[in-house]
Structures are given as C-alpha cells and as structure tokens.
Peer 1: 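Handing you this structure, nothing more for now.
We count residues from 1, following the sequence as given. What you see below is based on every heavy atom in this structure, not just the backbone, and it leaves out hydrogens, waters and symmetry mates.
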Amino acid sequence: MTHPFYAIHSHGLIRVAAATPRASVGDTGANADATIALAREADARGVDLVVFPELNLTSYAIDDLHLQTAQQRATLAAIATVVAASATLRPVLLVGAALVRNGRLYNCALAIARGQVLGVVPKTFLPNYREFYEKRWFASGAGLTGLTIALGGKDVPFGTDLIFAARDLPGFVFHAEICEDYWAPTPPSTAGALAGALICCNLSASNIVIGKARERAMLAAAQSARAVCAYVYSAAGPGESTTEVAWDGQGLIHELGEQIAESKRFATEPELVVADVDCERITQERLRFGTFNDAATFAGTPETRFRRIAFDHTPVLADGGLERAIRRFPFVPNDPARRDDDCYEAFNIQVEALSKRLVAAHAETIVIGVSGGLDSTHALIVAAKAMDRLGRPRSAILGFTMPGFATGEGTKANAWALMRALGITAEEIDIRPAARRMLEDIGHPFSDGDPVYDITFENVQAGLRTDYLFRLANQRRGIVLGTGDLSEMALGWCTYGVGDQMSHYAVNSGVPKTLIQFLIRWCIRTDQYDAATDAILATILAQEISPELVPAGADGALQSTESMIGPYALNDFFAHYVIRHGLAPSKIAFLAWHAWRDAGLGAWPQDLPADARIAYDLPTIRHWLEKFLVRFFATSQFKRSAMPNGPKVSAGGALSPRGDWRAPSDGIATAWIEELRSSVP
C-alpha cells in the first residue's frame, strides 16, 4: 500500500531497536562485523534508530587492555568499518567505543548515519564500586561541552551537550547516555529530554546478577515516565569475558512508563528487539504536563546549552507494518492480573466516591432508575456496596423500574430480578399514561394514533423518568443516582436537563461502556455478591444494548444503540485517543485499523466473549470515527458543560468541565473532519 496513511512516519511513529550482537573479548574486527550484521537486519526491517551495547566495538570487560595502543587503534579501525558500511543503510546507529582525546580515554556513544559520524557522547558517571573499576581506565565526560574530536580525518562534535534531530522527520530527536548514567540520581537523559529529545537511549554493558533485570526495567520505566520520553536500553550479551561476571543481553523499549518491547535475554544468537515509539504521543503528553516545562525552566533551560546535531534521514512513506501492540480496549488491560487490579481500583473508586457524597449530602436514601441495562445495573451494584461499606441497609436504596412504550419484558424482568437479589426497596411506575398526556398536550402525532417515533417521542419518556426520580428523591430524603457513563457523555447520547444527563451524583461518568462490562464480569468472578446476583448480572451482560424508547419494528427487532451511534468498542477507542492524547483523526484511524482489522491477530482481554471478538475494516472505522468527531466536538459539549459531579476513574481521562476536559459548548468539528477526510484513503 503506497498511500502515506499506511506509513508509520505519517503518524509521528519512529521505529527503534535495541541490538544485542554476539560480543567478543576485545576482537574489534569481529565486533564490527556483528554490528554491521544487525544494522543490515535493522535496515531490512525499516528501523530508524538502533541502540547497541556499551563499548560494543571495543568490548567492555577487557580491563587494562583498554589502555593498550594496539587496542585503541583497532577500535578506530572498527569504527571506520562500521561508518563505511552505514553509507547504504537506513538506520542511525548508536554504537559504543573507547576513544582517546586530549590525553584521556573516554567511554563513548557514537551516532553514525549514512556514512558519517554525527557526534560522540562520553559517559558521565563512571562506576567504581563492587565489581566495577571504570575510573582506572576512563575519564568522565562531565562538563565537556562545545568540543570536537578528530575521527576519520574530520572534526566531529564531542561532549555531553549533544542531541540529534532529523531535519526531514519531525519527532525523530534522540539523546544518548551510557549504562551507569541512568543509575545516577541525576541521569544525563533528564537534561537531554528537557532540551527536546523525545527518544532517550542507553548503551549499557551491565553484567547480570539475580534481580538486576528487574532493576533495569524499573529504571527504564521510571525514566521514560519522569522524563516524558521513549527509552531504549541495550545491555551487553554473551561473548563478553566471564572472568568475573556474566551477561544476559537485556534489551528494553519503554514509552511514558510502559514497556512496549523486551528481548529474550541469555539468547544464543544475536537479537534485535524492535518497536515503533509514538513521538507524537510523547509531544502531546509534554504539552499537557506543565511540570515538564517548569522543570526545564528550573534547570536553566537546557535547550540553550545543548547542541542540536541535524541530519537528513530521508524517510520512506510506505506501508512498513506496525511494530507495536495496540490494545483494542485501551481502558482494559489484556493481561488478566492487570485487568483485575484495574477493575478493583475502578470499582472501589466509585464506591468510595458515592459513600462520601451520601454522607456529605446527609442523604437517607439513594433513588435510582433501574432499566435492566448495563449502566443502571452497574450503578446499582456500586450503590449496594456503598451502603454495605457505610453500614446502612440496602433497603435504603430505592429502585424504580419505569416501563415506557418500548420497554421489553426481558429487561424489565432483569431489573426486578436484580433489585430483589440485592435486597433493595423496589417499585414500579408506569410512565406511559403521563407520557401520553404530555404528547397530547404538545400536539404530537402519536397522541392521535400515528406511529411517529421521533426524538420528541423518545425524550418525553426519558425526561419523565428523570422528573419522577427527582421528585421521589425530594419526597424520600434521598439523592438521585446518575447511571450514564463516560462513553455516553462523549457521544452526547443522553437527554439533556430533565433527562438522563442530570442527577445528583453521576457515579458512572468516569467509566466507559467497555470498562463497565469488564467491571461487572470482575464482580462476578471475585464474588462481590451472592450467586443469585451473579446469575442475573451474567444475563444482563449478554443482552443487546438498547435505549428501548421506540417500539420494535415489524420484524420484531429492538432499537439498537450501536447501530445508531456505532460500536462502543470503537467509540471508546476513539474517545481514549481524543481525550487523553489529542491525536489527529488520521492517526486514530491508523491505530484503530491496526488494532481491529484482523480478529485473529493480537491479544484480546481474556474474559471477552468469543462473539465479541470481531474485526472492523478501514471504511467502517473511518465512517464511525467521522460520526464520533461530529458528536464529540460539534453537538455534545453543552451537555458535558452542565454535567453533575462524578468521580474520575481512569487515567484515560474524564469529561467534567471541572476536571480533565474544558471546551466551548458552541465549538465546531471542521478541523477534525477535514483532517480525517484529507488523510485517510
């Protein structure tokens, strides 16, 4: 596919690799050959940047051999060999070598691209404790800025003040540090990130001892989170001297605190672990994280001290696949343990938030409309748990089922079964007589027997339900518990004012529809309630999502929410990347296409039903994304601007105007629609 849409570089993604070549004990020729072999493999895989281990050309564990002239000259020859080979290769190579400059030997990272050395970065922190003895051989690069080093007959930038940036590929900006540098309390990569580097790289030797792999992963995760960057780490592997220590060849790629790729470790063959890091996402995160800019200011604005070494990368805008796992459900981890941890936290956030509001409002009861659908079901089980936590009887929850013109017997039966199983006070109010009277009063054709099921017909029912609930709350010293979720607020899929948009407390407003389904499954799996409750919860999970406001057609088919506004799985995917990351529509479409185009590829959350494991092609994704953009940006903000209080639940964001999201109620969607239409085939 040749359309630029299919190329990762059109979407701010950079392909990086952590390389683990077969090492040697000081055989620089063999080291150069091993480096070139992996560089060629990286070129074939479309990699933009390859990070090799510390001193991979020189060899690390050769002790006093570092101080031998023959070894130093052999290193220069190895560098020249790699530089020559790089002339026809796409990736920038970050290789390690020991170099002499001004009567000192430095442990260095060399950035090599298209037949030239872009710059040389000396190691700042030299370990000299336990098994390490680096100060015996090397000088620290601390304070060395604005300098050059002679290599291959040219003066090359040298110092700890270098970041490297592609002229022709926005976002491809990287910094290099070496091993111990990120064990230090003040890693040089922090300054590099504050100066503008989006990808921070670590060339490491790092011998292996028990538990050290976990420590490296922790440091890489922490640094990528704290410095708001991608972090590529490569440790020396088999072949280095094992006179006193051993090596595992750990390669790690992290982004904003999350590990996105890892090598096998202790591999017998050379390894290249590859991933596409999202530099647009990193940039957007820095825009949102004002503390990052403050840190740069407090550090004396590092970008004024760093030299930005520019190079031409010549990216190819063609389909090279995607080397990155994209979760289909961004609010739900695929890993079962993480999923259950997230569900535990989400559920208890809601329970704690509602408990506090009940106490603060001096409310004696909770008034809730129970439809038998997902949202009211989840709000009700949260309310039950809140009452348990407060030591109050569940009978203080007043549940009302309020059948209208299209209420199905199945959902109504589910509502009654759930209320009885939970032991709450349950009542039924038939809203049809009041709805008929209102429709008659306003002269609606339905009152004359015409089958006109327009938005007025729907909202008369939705509004009456909320009106009854508020008056019941007045009467019975309670608060109305809102049931609408984050997905509905994103889409504006709620009746404004006297409707389901309004309540005294919107306990589900921070929870997307897809997460609600997994939360209910978690409640069943972890025995939060009794067997009777679990059974009815499972039944509710299996039914079609419907507002049940319009009578079934001649074919008996019920009104389907997702046929009107799109699959919630896609809408929640879109919402996550719009709300949390502010990505362009074409980028969201690109990620959604890679996540959803083939049901047989990638991981699914373990307890997702088989019939929900479906695929969406690009035209379908584009269609529903455009509908989402119109609803989110142009038609629904006024509802969010007046939404009631409710707890933020997910780091993916919330839509309260007092919290994560502030936008004009009279905004337009033109910029987003035009970007989508112009950039997606």
Side-chain angles (χ1 to χ4, degrees), residues 354 365-387 393-438 457-476 478-485 488 494-495 498-508 516 520 529-530 532-552 558-559 561:
L354 179 57
T365 64
I366 295 174
V367 175
I368 180 173
V370 184
S371 68
L374 276 175
D375 291 345
S376 66
T377 292
H378 186 62
L380 179 55
I381 61 177
V382 168
K385 191 65 72 173
M387 286 302 198
R394 290 184 184 177
S395 59
I397 303 172
L398 312 181
F400 294 88
T401 179
M402 294 179 282
F405 297 118
T407 299
E409 288 302 316
T411 51
K412 189 170 85 167
N414 288 341
W416 273 104
L418 181 63
M419 291 190 291
R420 289 183 178 125
L422 289 170
I424 72 167
T425 300
E427 298 184 38
E428 182 172 309
I429 297 175
D430 188 342
I431 67 166
R432 287 173 292 185
R436 285 193 183 96
R437 178 58 188 268
M438 181 176 286
F457 176 82
E458 294 189 29
N459 283 348
V460 161
Q461 297 171 79
L464 277 170
R465 287 178 174 131
T466 302
D467 201 358
Y468 273 114
L469 292 173
F470 270 98
R471 303 297 73 80
L472 287 162
N474 292 154
Q475 183 187 52
R476 306 188 189 188
I479 62 170
V480 176
L481 187 62
T483 61
D485 60 44
E488 293 179 342
C494 51
T495 301
V498 183
D500 55 327
Q501 177 260 350
M502 189 47 62
S503 65
H504 287 120
Y505 197 67
V507 74
N508 285 344
I516 282 178
I520 295 174
Y529 304 95
D530 58 28
T533 302
D534 289 347
I536 188 60
L537 290 177
T539 300
I540 290 169
L541 277 170
Q543 68 192 9
E544 170 84 14
I545 300 174
S546 171
E548 293 194 330
L549 293 170
V550 173
L558 292 174
Q559 187 182 21
T561 296

Peer 1: Report yes or no: does Thr539 contribute a side-chain atom to a donor-acceptor pair with the main-chain N or O of Ala535 at less than 3.5 Å?
Peer 2: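 Yes, the answer is positive, given that a donor and an acceptor are paired below the 3.5 Å cut-off.
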Peer 1: Measure the spacing between CD1 of Ile431 and OG1 of Thr401 and express it to the nearest 0.5 Å.
Peer 2: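 Output value for this atom pair is 10.0 Å.
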Peer 1: Hey, what do you get for CD (Gln461) to OG1 (Thr466), rounding to the nearest 0.5 Å?
Peer 2: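 So the gap between those two atoms works out to 12.0 Å.
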Peer 1: Which atom names give the shortest non-hydrogen contact between His504 and Ala473, and what distance separates them?
Peer 2: CE1-CB, 4.1 Å
Peer 1: Which heavy atom of Ile516 sits nearest to which heavy atom of Leu374, and what is that distance?
Peer 2: CG2-O, 4.2 Å
Peer 1: Measure the spacing between OH of Tyr505 and CD1 of Ile479 and express it to the nearest 0.5 Å.
Peer 2: 9.0 Å
Peer 1: Quick one: does Met402's side chain get under 4.5 Å of Asp430's, heavy atoms only?
Peer 2: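 The answer is no, as the side chains (C-beta and beyond) never meet within the 4.5 Å cut-off.
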Peer 1: Nearest heavy-atom pair of Ile366 and Ala383: which atoms, and what distance?
Peer 2: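 Between these two residues, the closest heavy atoms are CD1-CB, 3.9 Å.
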Peer 1: Run the side chain to side chain contact (heavy atoms under 4.5 Å, CB included) test against Ala413 and tell me which residues pass, sequence neighbours left out.
Peer 2: none
Peer 1: Ignoring hydrogens and geometry beyond distance, is a side-chain donor-acceptor pair present between Ser395 and Thr425 at under 3.5 Å?
Peer 2: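 Judged by distance alone, the side chains do not pair up.
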Peer 1: Let's go through Glu427 and Arg476 carefully: what are the C-alpha distance in whole Å and the side-chain angles of both, what is the deciding distance for salt bridge (charged side-chain N to carboxylate O under 4.0 Å, His left out) to 0.1 Å, and is it a yes or a no?
Peer 2: CA-CA 13 Å; Glu427 298 184 38; Arg476 306 188 189 188; 2.6 Å; yes
Peer 1: What I want to check is whether the side chains of Thr495 and Asn459 have a donor and an acceptor closer together than 3.5 Å.
Peer 2: yes
Peer 1: Within a strict 4.5 Å, meaning less than it, do heavy atoms of the Val367 and Phe400 side chains meet?
Peer 2: yes
Peer 1: State, with a plain yes or no, whether a side-chain heavy atom of Leu354 is found less than 4.5 Å away from one of Val382.
Peer 2: yes
Peer 1: Got a sec, which residues hit salt bridge (charged side-chain N to carboxylate O under 4.0 Å, His left out) with Asp467, two or more places apart in sequence or on another chain?
Peer 2: Arg471
Peer 1: Report yes if the side chains of Arg436 and Phe405 come closer than 4.5 Å at any heavy-atom pair, otherwise no.
Peer 2: yes
Peer 1: Rounded at 0.5 Å granularity, tell me how far CD in Gln475 sits from CG in Leu472.
Peer 2: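 Rounded to the nearest 0.5 Å, the CD-CG separation comes out at 6.0 Å.
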Peer 1: With sequence neighbours excluded, what pairs up with Asp534 under the salt bridge (charged side-chain N to carboxylate O under 4.0 Å, His left out) test?
Peer 2: none
Peer 1: Tell me, which pairs form a salt bridge (charged side-chain N to carboxylate O under 4.0 Å, His left out) where one or both residues lie in residues 402-422, sequence neighbours left out?
Peer 2: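 Those involving residues 402-422 are Lys412-Glu428.
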Peer 1: Leu537 and Thr377: side chain to side chain contact (heavy atoms under 4.5 Å, CB included), yes or no, with the steps?
Peer 2: CA-CA 8 Å; Leu537 290 177; Thr377 292; 3.4 Å; yes
Peer 1: For Gln501 versus Cys494, what's the shortest heavy-atom pair and its separation?
Peer 2: CB-SG, 3.8 Å
Peer 1: At what distance, to the nearest 0.5 angstrom, does CG of Leu398 lie from OG1 of Thr365?
Peer 2: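 Nearest 0.5 Å value for the CG-OG1 distance: 4.5 Å.
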Peer 1: Does a sphere of radius 6.0 Å around CZ in Arg437 hold more than 12 heavy atoms from other residues, nucleotides or ligands, not counting ones at 6.0 Å or beyond?
Peer 2: no
Peer 1: Among Val507, Leu481, Asp375, Ile424, which one satisfies side chain to side chain contact (heavy atoms under 4.5 Å, CB included) with Leu380?
Peer 2: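 Going through Val507, Leu481, Asp375, Ile424 one by one, the side chain to side chain contact (heavy atoms under 4.5 Å, CB included) with Leu380 is satisfied by Ile424 alone.
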Peer 1: Of all the heavy-atom pairs spanning Ala396 and Met387, show the shortest one and how long it is.
Peer 2: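 Where Ala396 meets Met387 most closely, the heavy atoms are CB-CE, 3.7 Å.
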Peer 1: Is the side chain of Thr483 donor-acceptor paired with the backbone N or O of Ser376 at a distance under 3.5 Å, no angle test?
Peer 2: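 Not a single qualifying donor-acceptor pair exists.
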Peer 1: Please enumerate all residues that pass side-chain hydrogen bond (donor to acceptor under 3.5 Å, both in side chains) together with Gln543, with sequence neighbours excluded.
Peer 2: Asn414
Peer 1: For Ala384, check side chain to side chain contact (heavy atoms under 4.5 Å, CB included) against everything at least two apart and list the hits.
Peer 2: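 If we apply the side chain to side chain contact (heavy atoms under 4.5 Å, CB included) test to Ala384, skipping adjacent residues, the hits are Arg394, Ile397, Leu422, Tyr529.
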Peer 1: Looking only at heavy atoms, what is the nearest atom pair of Phe470 and Met502, with distance?
Peer 2: CZ-CG, 3.9 Å
